[in-house]
**Student:** 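Sharing a structure with you now.
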Amino acid sequence: MAASMCDVFAFCAPQEPPRRAVEIRFVSSGKGKGLFATRAIRKGETIFQEKPLVSSQFQWNALYRYRACDHCLRSLETAEENAQRLSGNAHVVLPYPELCTVRNGLHQQCPRCQVTYCSAECLKAAADQYHRALCLGASRDNPAHPLNKLEEAWRNMHYPPETASIMLMARMVGTIKQVQAQDKDWWMHLFSQFCNKTANEEEEIVHKLLGDKFKGQLDQLRRLFTDALYEERVSRWFTPEGFRSLFALVGTNGQGIGTSSLSQWVHACDALELPPREREQLDSLIDQLYKDIEKVTGEFLNCEGSGLYLLQSCCNHSCVPNAEASFPDNNFILHLTALEDIQPGEEICISYLDCCQRDRSRHSRQKILRENYLFVCSCPKCLAQADDPDITSEEEEEEEDDAELEGEAEDAELEDEMTDV
């Protein structure tokens, strides 16, 4: 069944916008597709909201008790529970509890495997799309179950900070397993919309995700993936070449998702109109809370996962982006927001680099993008700096060396910790 672009928009949008602000166009053989404005968009405007085709929480994130809805990744802890766990202080009490949007009374569990959802709607959505095919039932805690063996192998290959999830691929297969025969082509068409790479590029992506032993690890994952999930209708995904392509698709197109009931509560507090003294006291409490959390938890604050987003995946990179993605609803619904006024016909670009990386030299930015995304950036900022020396500054080189040494020490320490979990 061929899917029109209208059908794609209908699937992605959680609600129909008054007038669609974007369209997908072919840009070039190098860049592929791009997203373009069809009307004037103002700075601060939400360009679109989008739900993913599939999403999944990261495996280590879930193991470390970051409780999230198994479908939409909404944080299941109240803001106060979240603050208590992250700070390691069970006596933390947050003011203005009414600002927390988590409602424990609405949570639902799968009656067979006891996986938790934030609502009856999410339980039904998961069951209707993929969960019936993947539900472990009474075997949820059985380490010998093929799906549990797959997850365990993945955790032993891909340590935090996590950037991908093997369960994203499992849910793609689960979706195909559950659909009616006449709908299989529709879903395959949707999955085929994501950018594809050459065989050499796919190997580089797999190498980046799994490390130097990636060839043996990829084959081990493929065998476990086949044992747990084989589906004749997508048999190519289980061949060595097909599995590598599927793995690279997720590695290239997976969009990170972060949700936090505490963060949402803090944003709600920021919007309160309070007398100056109360505002000062509240800000002081929040500042101290985050200091306490940093000592205990470090940078791992959110329920984290990844998802495949059709529209967002069409956004190309720029070191001077005019839009950014965020998750203000504390679930997997992505909001793309304009960072500046965008004119009709203008390409909508996001940045694959964080704020600190964008402030670095052209050479440093290009190095990060080549290593992680396999392309050379030709955005206005990079073109304007084309005559800059192709070396990183001494200060940046020292930072990179320090970061590598620190990363190696942290990896060794983290590996020791994780064997004890």
Side-chain angles (χ1 to χ4, degrees), residues 3-28 31-55 72-74 101 189-191 193-195 252-260 263-264 267-268 270-271 302 304-355 357-358 369 373 375 377-382:
S4 70
M5 213 61 245
C6 290
D7 292 332
V8 171
F9 274 104
F11 180 91
C12 295
Q15 55 198 38
E16 184 63 26
R19 181 188 167 199
R20 195 175 304 136
V22 298
E23 66 181 5
I24 299 168
R25 297 184 198 164
F26 178 76
V27 180
S28 67
K31 290 180 80 173
K33 294 177 289 190
L35 206 60
F36 291 81
T38 57
R39 60 169 175 81
I41 299 170
R42 296 196 170 205
K43 179 180 179 180
E45 182 180 342
T46 298
I47 302 169
F48 62 76
Q49 298 177 35
E50 180 180 12
K51 61 181 179 179
L53 293 184
V54 286
S55 63
C72 79
L73 274 69
R74 180 184 296 277
T101 60
H189 176 80
L190 291 180
F191 290 138
Q193 297 301 301
F194 295 99
C195 76
T252 305
N253 297 282
Q255 163 68 42
I257 301 169
T259 66
S260 167
S263 175
Q264 201 175 38
H267 284 304
D270 289 342
N302 299 334
E304 295 181 345
S306 62
L308 294 177
Y309 294 84
L310 276 173
L311 294 182
Q312 177 274 337
S313 71
C314 295
C315 291
N316 288 309
H317 164 82
S318 172
C319 296
V320 278
N322 55 13
E324 69 176 356
S326 62
F327 299 89
D329 296 335
N330 192 32
N331 63 12
F332 64 12
I333 294 178
L334 179 149
H335 291 232
L336 193 75
T337 306
L339 295 176
E340 57 187 51
D341 290 346
I342 301 173
Q343 300 307 312
E346 187 177 347
E347 186 173 8
I348 296 169
C349 294
I350 58 176
S351 181
Y352 302 167
L353 306 175
D354 62 33
C355 295
Q357 291 170 332
R358 292 203 298 271
L369 291 167
Y373 300 99
F375 72 89
C377 183
S378 58
C379 74
K381 184 175 182 177
C382 286

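In this text the structure is predicted, and so the values were computed from the model without any measurement.
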**Student:** Walk me through it: do Leu35 and Ile24 pass the test side-chain contact (heavy atoms from CB on, under 4.5 Å)?
**Tutor:** CA-CA 5 Å; Leu35 206 60; Ile24 299 168; 3.6 Å; yes

**Student:** Looking at CG of Asn316 and CD1 of Ile348, how far apart are the two atoms once the value is rounded to the nearest 0.5 Å?
**Tutor:** 11.5 Å

**Student:** Can you list the residues that meet the side chain to side chain contact (heavy atoms under 4.5 Å, CB included) rule with Arg358, with sequence neighbours excluded?
**Tutor:** Pro321, Ser351, Leu353, Cys355

**Student:** How many angstroms lie between CG in Leu311 and NZ in Lys51, if you round to the nearest 0.5 Å?
**Tutor:** 12.5 Å

**Student:** Tell me the closest heavy-atom pair linking Asn302 and Ser260, and the distance in Å.
**Tutor:** OD1-CB, 3.3 Å

**Student:** Keeping the roles fixed (side chain from Asn330, backbone from Arg74), state whether a donor-acceptor pair exists under 3.5 Å.
**Tutor:** no

**Student:** Looking at CZ of Phe327 and CD1 of Ile257, how far apart are the two atoms once the value is rounded to the nearest 0.5 Å?
**Tutor:** 5.0 Å

**Student:** How far apart are the closest heavy atoms of Cys379 and Cys319, and which atoms are they?
**Tutor:** SG-N, 3.4 Å

**Student:** So, for Gly34 and Val27, which heavy atoms are closest and what is the spacing to 0.1 Å?
**Tutor:** N-CG2, 3.5 Å

**Student:** Under the rule for side-chain hydrogen bond (donor to acceptor under 3.5 Å, both in side chains), what residues qualify as partners of Glu45, not counting sequence neighbours?
**Tutor:** Arg39

**Student:** Taking the side chain from Gln193 and the backbone from Leu190, do they hold a donor-acceptor pair closer than 3.5 Å?
**Tutor:** no

**Student:** Minimum heavy-atom separation for Ile47 and Ala323, please, with both atom names.
**Tutor:** CD1-CB, 4.0 Å

**Student:** Could you work out, with side-chain hydrogen bond (donor to acceptor under 3.5 Å, both in side chains) as the rule, every residue matching Thr101, not counting sequence neighbours?
**Tutor:** Gln264

**Student:** Rounded to the nearest 0.5 Å, what separation is found between the CZ atom of Phe36 and the CD atom of Glu347?
**Tutor:** 4.0 Å

**Student:** Suppose we screen for ring-ring contact (aromatic ring centres under 6.0 Å, His included). Which residues come up paired with Phe48, at least two apart in sequence or across chains?
**Tutor:** none

**Student:** Test of understanding: with side-chain hydrogen bond (donor to acceptor under 3.5 Å, both in side chains), list the residues that count as partners of Asn253, not counting sequence neighbours.
**Tutor:** none

**Student:** Hey, what do you get for CZ (Phe194) to SG (Cys314), rounding to the nearest 0.5 Å?
**Tutor:** 8.5 Å

**Student:** Sequence neighbours excluded and cut-off under 3.5 Å, please list the side-chain donor-acceptor pairs for residues 332-345, or say none.
**Tutor:**
| unit_1 | atom_1 | unit_2 | atom_2 | d |
| --- | --- | --- | --- | --- |
| His335 | NE2 | Asp329 | OD2 | 2.7 |
| Asp341 | OD1 | Lys43 | N | 2.8 |

**Student:** If we ignore hydrogens and angles and just use 3.5 Å, is the side chain of Gln312 paired with the main-chain N or O of Glu50 as donor and acceptor?
**Tutor:** no

**Student:** Quick one: pull up OG in Ser378 and NE2 in His317 and give me the separation to the nearest 0.5 Å.
**Tutor:** 9.5 Å

**Student:** Quick check: do Asn322 and Cys349 have side-chain heavy atoms less than 4.5 Å from each other?
**Tutor:** yes

**Student:** Hey, what's the ring geometry for Tyr373 with Tyr352, parallel, tilted or perpendicular (30° and 60° as the breaks)?
**Tutor:** tilted

